[in-house]
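One structure below.
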2 protein chains.
Amino acid sequence: MALATITDAEFLARCTEVFRTYGFEGATISRISAATGLEKGSLYHRFPGGKEEMALAVAAGVVEWFKTNVFDVLKQAGPPQKRLRAASEQLRSFYAEGTKSCILDLLSIPSGGPELAAGLKGALQAWQKAFAEISQESGYGPGEARRRAEDAIMRMEGSLVLSRVLNDSKLFHRALDELGSTLLQPA
Amino acid sequence: MALATITDAEFLARCTEVFRTYGFEGATISRISAATGLEKGSLYHRFPGGKEEMALAVAAGVVEWFKTNVFDVLKQAGPPQKRLRAASEQLRSFYAEGTKSCILDLLSIPSGGPELAAGLKGALQAWQKAFAEISQESGYGPGEARRRAEDAIMRMEGSLVLSRVLNDSKLFHRALDELGSTLLQPA
DNA sequence: GTCTATATTAAGATAGAC
DNA sequence: GTCTATCTTAATATAGAC
């Protein structure tokens, strides 16, 4: 049989799916091996630090993805409504129409070390900042914009939990569709 | 050394803490043993079905608690605002001021069997129904009341995730404090 | 860089004494 | 009803061949 071959990017993507589906404790080396097609020995070659290092790489990868596909999109040219809609569609895709969970939710369950916890916290704060900026740009004051950004993410995260429990992504789509009215001041 | 002794209620309470802190996969028999003071053999005496049965008991216990301390409180006599405030304080206590996670969140991560998943879904629907009822009672139509109930729970769940990630329960308290304006029509 | 093989530890679960 | 002891399987991780 030919040796398994997989790019770093594809590896990280599949790894991310395992962590966001099963959480840190449930993301076993066996599951990661099955998902990536790499044997255990190869996994530890790529990540000598084991599972903890894999989770850190996953978290860093997601942060990078958000920077490129959400935060930067929010800063593009054009009216805030349009930019937010573009970012919303990226989020819809990232969460696979509400069928996949948030890494912030699943990886924040106690198990990973303090470095992972700090990374998640930083990622969430960056998200809050990005949402607060476009909210403020639409006309709200700094405090109100911040409050609205927190509210928007709260609704996103909650909708993902409820969509998972109910096995129905209706509420995820609602939360996404209402991002505009939550974040932006009517023109 | 004297034999360990613990009431069923106390046992279930400690068991619940383990599951809601670590999730299904992270709630190991060893952790449950440590938390309850019972050795593994004793755990399997009480729950021949093992971890799955323990998780089911935990879920059933939480549903029972919600019925008594939240749903029934919402149906007491008096103005809706007052009843909702009373229920809110029960929720504040259940989530320990936002420092503890929701069982719906942690136990809905794939791992438990279909019976557990069905139980969680039923519990969530009961919660939605209880919130929708008091919302409708305050004057909203059935559809709007249902929408507001979903919104309220979405915010609660999201706030708990964010509070956990940020290690700051500010958003949990906000979500709770805004339950009235989310659910009830102004008088 | 991937593989097989293996070591070590922990997890889930059971048997049977007390 | 709880305990100790044990079993089996799986999980994390490492060594070394290819």
Atom pair distance, as rounded to whole Å: [atom1] in [X] and [atom2] in [N]:
{"X": "B/M54", "N": "C/dA11", "atom1": "CE", "atom2": "C1'", "result": "12 Å"}
{"X": "A/E39", "N": "D/dG16", "atom1": "CD", "atom2": "P", "result": "20 Å"}
{"X": "A/F47", "N": "D/dA11", "atom1": "CZ", "atom2": "P", "result": "20 Å"}
{"X": "A/L3", "N": "D/dC18", "atom1": "CG", "atom2": "C1'", "result": "9 Å"}
{"X": "A/L43", "N": "D/dA11", "atom1": "CG", "atom2": "P", "result": "13 Å"}
{"X": "A/I29", "N": "D/dT14", "atom1": "CD1", "atom2": "P", "result": "11 Å"}
{"X": "B/I6", "N": "D/dT2", "atom1": "CD1", "atom2": "P", "result": "9 Å"}
{"X": "A/R31", "N": "D/dA13", "atom1": "CZ", "atom2": "C1'", "result": "19 Å"}

Does [N] have OP1 or OP2 under 4.0 Å away from a side-chain N or O of [X]?
{"X": "A/S30", "N": "D/dA10", "answer": "no"}
{"X": "A/Y44", "N": "D/dT14", "answer": "no"}
{"X": "B/R46", "N": "D/dT2", "answer": "yes"}

B/M156 side, atom CE; A/L162 side, atom CG - distance, nearest 0.5 Å: 11.0 Å
Is any NZ, NE, NH1 or NH2 atom of the basic residue among A/R147 and A/E144 found under 4.0 Å from an Asp or Glu carboxylate oxygen of the other? yes
Taking the basic N atoms (NZ, or NE/NH1/NH2) and the acidic carboxylate oxygens, is any pair closer than 4.0 Å for B/R14 and B/E17? no
Among D/dG1, C/dC3, D/dT12, find the nucleotide with the atom closest to the side chain of A/L38. C/dC3
From the candidates D/dT12, C/dG1, D/dT2, the one with an atom nearest any side-chain atom of B/H45 is D/dT2
5'-most contact on DNA chain C (nearest-nucleotide basis), A/K40 vs B/F24, goes to A/K40
Nearest-nucleotide wise, let me know which of B/S42 and B/K51 is further upstream toward the 5' end of DNA chain C. B/K51
May I ask you to say what A/T5 touches in the nucleic acid, namely base, sugar-phosphate or nothing, with a heavy-atom cut-off under 4.0 Å? nothing
Name the nucleic acid region contacted by A/G41, choosing base, sugar-phosphate or nothing; use a 4.0 angstrom heavy-atom cut-off, strictly under. base
Heavy-atom side-chain proximity of A/R174 to A/L171 below 4.5 angstrom: yes
For the residue pair B/W65 and B/F94, does the interplanar ring angle fall in the parallel (under 30°), tilted (30 to 60°) or perpendicular (over 60°) class? tilted
